[in-house]
Student: 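Sending over a structure as structure tokens; questions will come in a sec.
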Amino acid sequence: MSTIIYAQNYSLMELMAAAIAREFRDQETAFVGVGPPLIAAMVAKLTDAPNLTIAVEGGTIGSSPRRLLTCIADTTICERAYSCGTMWRNFGDQQRGFYDVGVIGGAQIDKYGNVNATALGDYNRPSVRVAGSGGANDIGSSVGRYSVMMRQEKRRFVERVDYLTVPGYLDGGDARIKAGLPGGGPHGVITTMGIFRFDEESGEMYLDKCHPGITPEKVKENVGWDLKMAPSIGTTEPPTQEQVEIMRVLDPYGLYLGSGREGMGDVEKGFDFYMEVLDKSYDAMTELFRQKGL
Amino acid sequence: MSTIIYAQNYSLMELMAAAIAREFRDQETAFVGVGPPLIAAMVAKLTDAPNLTIAVEGGTIGSSPRRLLTCIADTTICERAYSCGTMWRNFGDQQRGFYDVGVIGGAQIDKYGNVNATALGDYNRPSVRVAGSGGANDIGSSVGRYSVMMRQEKRRFVERVDYLTVPGYLDGGDARIKAGLPGGGPHGVITTMGIFRFDEESGEMYLDKCHPGITPEKVKENVGWDLKMAPSIGTTEPPTQEQVEIMRVLDPYGLYLGSGREGMGDVEKGFDFYMEVLDKSYDAMTELFRQKGL
Amino acid sequence: MKKLSKPAVNKVTTLKEAVNRFVHDGSYVSFGGIGDRTPTAAVHEVARQQKKGLRLASDTSVSYVHDSILIGLGLVESFEIAYNWGGIWGPDAVYRRALEKGIPKPIKLEEYSNFAMGMRLLAGSLGIPFMPVKSLLGSDIPVHNTRIKFMNDPYGGEPVALVPAANPEVAFIHVQRCDVMGNAHILGHLGNDDSLARAARNVVITTEEIVPTDEIRRNPNLTVIPYYCVDAVVKVPFASHGRGCPYYYSMDVPFGLQLAEQWGTEAGFNRWAEEWIFKVDDWDGYCRKIGWERLTRLAEVERRHQQYGEAR
Amino acid sequence: MKKLSKPAVNKVTTLKEAVNRFVHDGSYVSFGGIGDRTPTAAVHEVARQQKKGLRLASDTSVSYVHDSILIGLGLVESFEIAYNWGGIWGPDAVYRRALEKGIPKPIKLEEYSNFAMGMRLLAGSLGIPFMPVKSLLGSDIPVHNTRIKFMNDPYGGEPVALVPAANPEVAFIHVQRCDVMGNAHILGHLGNDDSLARAARNVVITTEEIVPTDEIRRNPNLTVIPYYCVDAVVKVPFASHGRGCPYYYSMDVPFGLQLAEQWGTEAGFNRWAEEWIFKVDDWDGYCRKIGWERLTRLAEVERRHQQYGEAR
């Protein structure tokens, strides 16, 4: 067994992405959405889960793109895929039970893991309107298990979400099963401060791990209900050196995991820069895939 | 306008196939089943309806095969098709309303054009069991209009079918609309003795034309109810010389329209004969398609 | 929740092993294809292993190469079906004997139309319990099949028929090419095999060729079945003999016509089964008995007239 | 019954003519694509012709190139939608202004999930009035969308949600290649465009290339939309600019980032629309304004890294 070498320097987003990557296991099928979840799934595939298959909402299964990922449904996703088909088939495969694991994001979450991805405040005149369900409700309803990526803020961790877009354990207990939902429900919540799991009986969320430098008290302050705790709260495993290196190949300018978008939006130089990034990312990712035998 | 030259010699099956061919119009979409209906549709396409599109149940749309047609879903059907997809999509396109015209066969028909393609006698212990609906019920339910190809026998033309596989006008009048069926219903019945149409109000079948040499009385004898007649009974238009020539290119050994199957089943020589037929049919059909600019 | 996705591993095995592993007495089985790409080698192996009390579901079953073989051998308990016939080969005497006279034993029939069976498999593939259709309305099909139900559309009020999802325990599907994991390209019309592969609990793919995964990746739009549906991959060239396989070989019409004659009597069918199923060890034995020269000629005649990627 | 099948004739026209003919004030319209292959040229033309009171239906709407343009111009009455966002380009300020503040005017929202919208279009394509799903159960989506109904499955008794069929009056779909009749190949992921083309009453195809029908026939398995669904064919290269078109050109990420900045204020959006939609005559004018060199580089970078029929 090789020794694990942890990264010395990494950002919070990289820590979170590494934690999300560990939610995937080898030989699983994953249904993932846009942005950091896809980066995390790719990191998993390029490290501990080489036989992880990634399916995305556009209709593609098993893509192995060698170019910068700009969108869950951009042309890159088709590259070297096992299959390119319809969007509804991929969602249908999920409802049938073919997808083992998913990752979603959200604007709010409550103690039973229900997620709001639609609107903060009054639905009819929201204070903040966000994108809407997209595939999140479907992942939450049907995937084998799923994890949620969240920013840890008190207004986002609430007793009850303003709008229940994605069913977690609903009102807890067996409410989810009674509702007729085929999927297994939420498995973890990875935030800017820690990692949460769910009680198997009650379906209530509890704090399992804190990120390095964060205390359970600090987390509790940023949760809007009386948060339960694991008997012993661990520390989030830092990203390995390899994970971070891979992230920086996949997203070399921090489009998702950093602030790379600003430079690229520059009217004068943004386009040339972008063209350069696309070509460079191809070379770097091709080399990475070659090393990994993928 | 060119003069129509009628064939001098033709078989009854060729007469019927020519009559079926005339049920199709140019620029229509046709959903057709196995055997003579497909030959007839091809005859239409190669004569008066060059822009007729043929869709078949296997999932193919707009095929232009240049080889002997041995089955509605054999490999030949894929040749030069616009599209090869799924079976359920083609049937779905029909239910949605994309197919203008269909042709089916049956073992029994009744005065409202309902067809039995399942079982004669008691369903649970039939005297004669046939193939079952296949696509016939779906064509009858949803296609724009359809025609039925039948052998004219009293036991097959009955007051009420033993088993209603394909809805015609059901009990007549607006019964079909009340049942919720989207398609237009039966348009004609082409038999070994004549051609029947349906009263627009009552939905009841009446004799419209007799084949050459057949009298209305002869037809009436072979119908199991008090058959209505058109005000003036015409004579079925004979096949044109061109129609017959095309049929004999499409089915040169009478596999469908004659007795060609016997020779081909011969244990000693059947296979060599069949191989020869496939090659010859390809040359002949290619030449025919070339002439027609298809 | 039992994991349904199958792993991304080499699944190549023999038909003997695959049938032995996935088909049991009483299994609910479906054989794919539509007119061509019939998984006939798999039907023969199920027959050879004498699996009993089978519950079969098909859309269009092609006589002589499909479910009727198992019906004729008395291995079938029930049959969900839209159409069972021999096409150009003529009526199916085995099916008629079973339904008209209960020979060799009566079978329980559950009839649908083609579209209704397609919708049952689509529902099964999507993980929903039923599908509404406008077919079947007004006909006698639901009179004799009480699993077809009716309701008024809660939106417009019009009547619709409901058909239940079909989720076979085992499906056998024959394809032109797939990789060792089971990612399968199908060329030409697809029948309902896209849905069947997803609706079934276990899927056995027989394939004309096993190709490298890179060959699959080159044309991802041709992949009809992803590996995660697939339990076993078996290379069985000419597995649809009798019927054709688009771009690979043509129908063998004379062969079927001879079968139709032999199946005319119960004794004739039994002699045929003895000779062609039980006295050969496997599909390779069948091919040797048919003769590789004949099979080669069927392949040549197909390829001479039609190749994928060409329009002559 | 009004004939739904469209004739097999040359349907090539201009986008100006197609929009003028098929889109009217109050039309129920859907723009296809999924992340890429967005029919952005068509969106601009609808905007340019100032069609009002539109009722839009989308699955995933990509900000900056899709429905939000029409929302920002106040041309939209109602919006059936699962997801509307800018992805890498960031949140959609136009959408937020409309929903949070009713600027430039309030729109009526009818929300679904991606799968539910896909099933609505599938139902619409199959000519059935609704589809059962296991999504939506237990969520608040049906609380605010009463067109989602519930029933117990009459087979197993479990709860299912029902969603109504979607049958837009007009659909715009962008493809890589089609013939003059409208037989269209789509390469790469398909989104729901197979269903949308069949569900809509009228279909306008914009295409990167018009190819001979023989080219379609060579690969009949790539035909996602048959001609009989199609009313008009318009050759519009780079019609998805901003987003990508698989095997033809890549996304223009910098362009979208600049848009996101301009759309940040109502005045900024209006200036953008004036400059990029109303002050150009058509998509060719837009392309000239973007610059053909830039477009060519987006095509080159795509083809350098990925070509259909290859797996590097």
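Owing to the predicted nature of the structure, the values given are computational and were not obtained by experimental measurement.
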Student: Does the distance from a Lys or Arg side-chain N to an Asp or Glu carboxylate O, for D:Arg243 and D:Asp36, drop under 4.0 Å?
Tutor: no
Student: Apply the salt bridge (charged side-chain N to carboxylate O under 4.0 Å, His left out) test between D:Arg55 and each candidate in D:Glu80, D:Glu169, D:Glu77, D:Glu110; give the one that qualifies.
Tutor: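 So, applying the salt bridge (charged side-chain N to carboxylate O under 4.0 Å, His left out) to D:Arg55 and each of D:Glu80, D:Glu169, D:Glu77, D:Glu110, only D:Glu169 qualifies.
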Student: Strictly under 6.0 Å, is that where the ring centroids of D:Tyr249 and D:Phe238 end up?
Tutor: yes
Student: Between B:Asp283 and B:Arg66, does any side-chain N to carboxylate O distance fall below 4.0 Å?
Tutor: no
Student: Can you see whether D:Ser195 engages D:Asn192 through a side-chain donor-acceptor pair at a distance of less than 3.5 angstrom?
Tutor: no
Student: Any ring-ring contact (aromatic ring centres under 6.0 Å, His included) involving residues 18-68 of chain B? Give me the pairs, sequence neighbours left out, ordered by first then second residue.
Tutor: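 Listed once each, the pairs are B:Phe31-B:Phe91, B:Phe31-B:Tyr99.
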Student: For D:Tyr247, does the six-membered ring have the charged nitrogen or CZ of D:Arg303 within the cation-pi criterion, i.e. under 6.0 angstrom from the centroid and within 45° of the normal?
Tutor: no
Student: Which residues in residues 199-222 of chain D have any heavy atom lying under 4.5 Å from a heavy atom of chain B?
Tutor: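 So far as heavy atoms go, D:Ala199, D:Ala200, D:Arg201, D:Thr213, D:Asp214, D:Ile216, D:Arg217, D:Pro220, D:Asn221 are the residues that approach chain B to under 4.5 Å.
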Student: Just wondering, more than 12 heavy atoms not from B:Lys292 lying within 6.0 Å of its NZ?
Tutor: yes
Student: Where does D:Pro226 contact chain B at under 4.5 Å (heavy atoms): side chain, backbone, both or neither?
Tutor: side chain
Student: Suppose a student defines contact as a heavy atom less than 4.5 Å from any heavy atom of chain B. Which residues in residues 115-126 of chain D would they list?
Tutor: D:Leu122, D:Gly124, D:Ser125, D:Leu126
Student: When the ring centroid of D:Tyr227 is compared with that of B:Tyr82, is the distance short of 6.0 Å?
Tutor: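 Centroid separation for D:Tyr227 and B:Tyr82: below 6.0 Å.
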Student: Would you say the side chain of B:Ile77 lies within less than 4.5 Å of the side chain of B:Leu69, judging by non-hydrogen atoms?
Tutor: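 They are in side-chain contact.
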Student: With distance as the sole criterion, is a donor-acceptor pair present between the side chains of D:Thr38 and D:His66 under 3.5 Å?
Tutor: no
Student: With distance as the sole criterion, is a donor-acceptor pair present between the side chains of B:Tyr169 and B:Asn114 under 3.5 Å?
Tutor: no
Student: For chain B, which residues from residues 18-35 of chain D lie under 4.5 Å away (heavy-atom distances)?
Tutor: none
Student: Evaluate D:Val233 against D:Lys235 for side-chain contact (heavy atoms from CB on, under 4.5 Å), listing each step before the verdict.
Tutor: CA-CA 7 Å; D:Val233 171; D:Lys235 183 179 170 182; over 6 Å; no
Student: Just give me the residue among B:Asn51, B:Asp26, B:Thr60, B:Thr53 that pairs up with chain D most often, heavy atom to heavy atom, under 4.5 Å.
Tutor: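 The option with the most such pairs is B:Thr53.
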Student: So which part of D:Ile225 gets closer than 4.5 Å to some heavy atom of chain B, the side chain, the backbone, both or neither?
Tutor: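 Contact with chain B involves no heavy atom of D:Ile225 at all.
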Student: Would you call B:Glu28-B:Lys45 a salt bridge at under 4.0 Å N-O?
Tutor: no
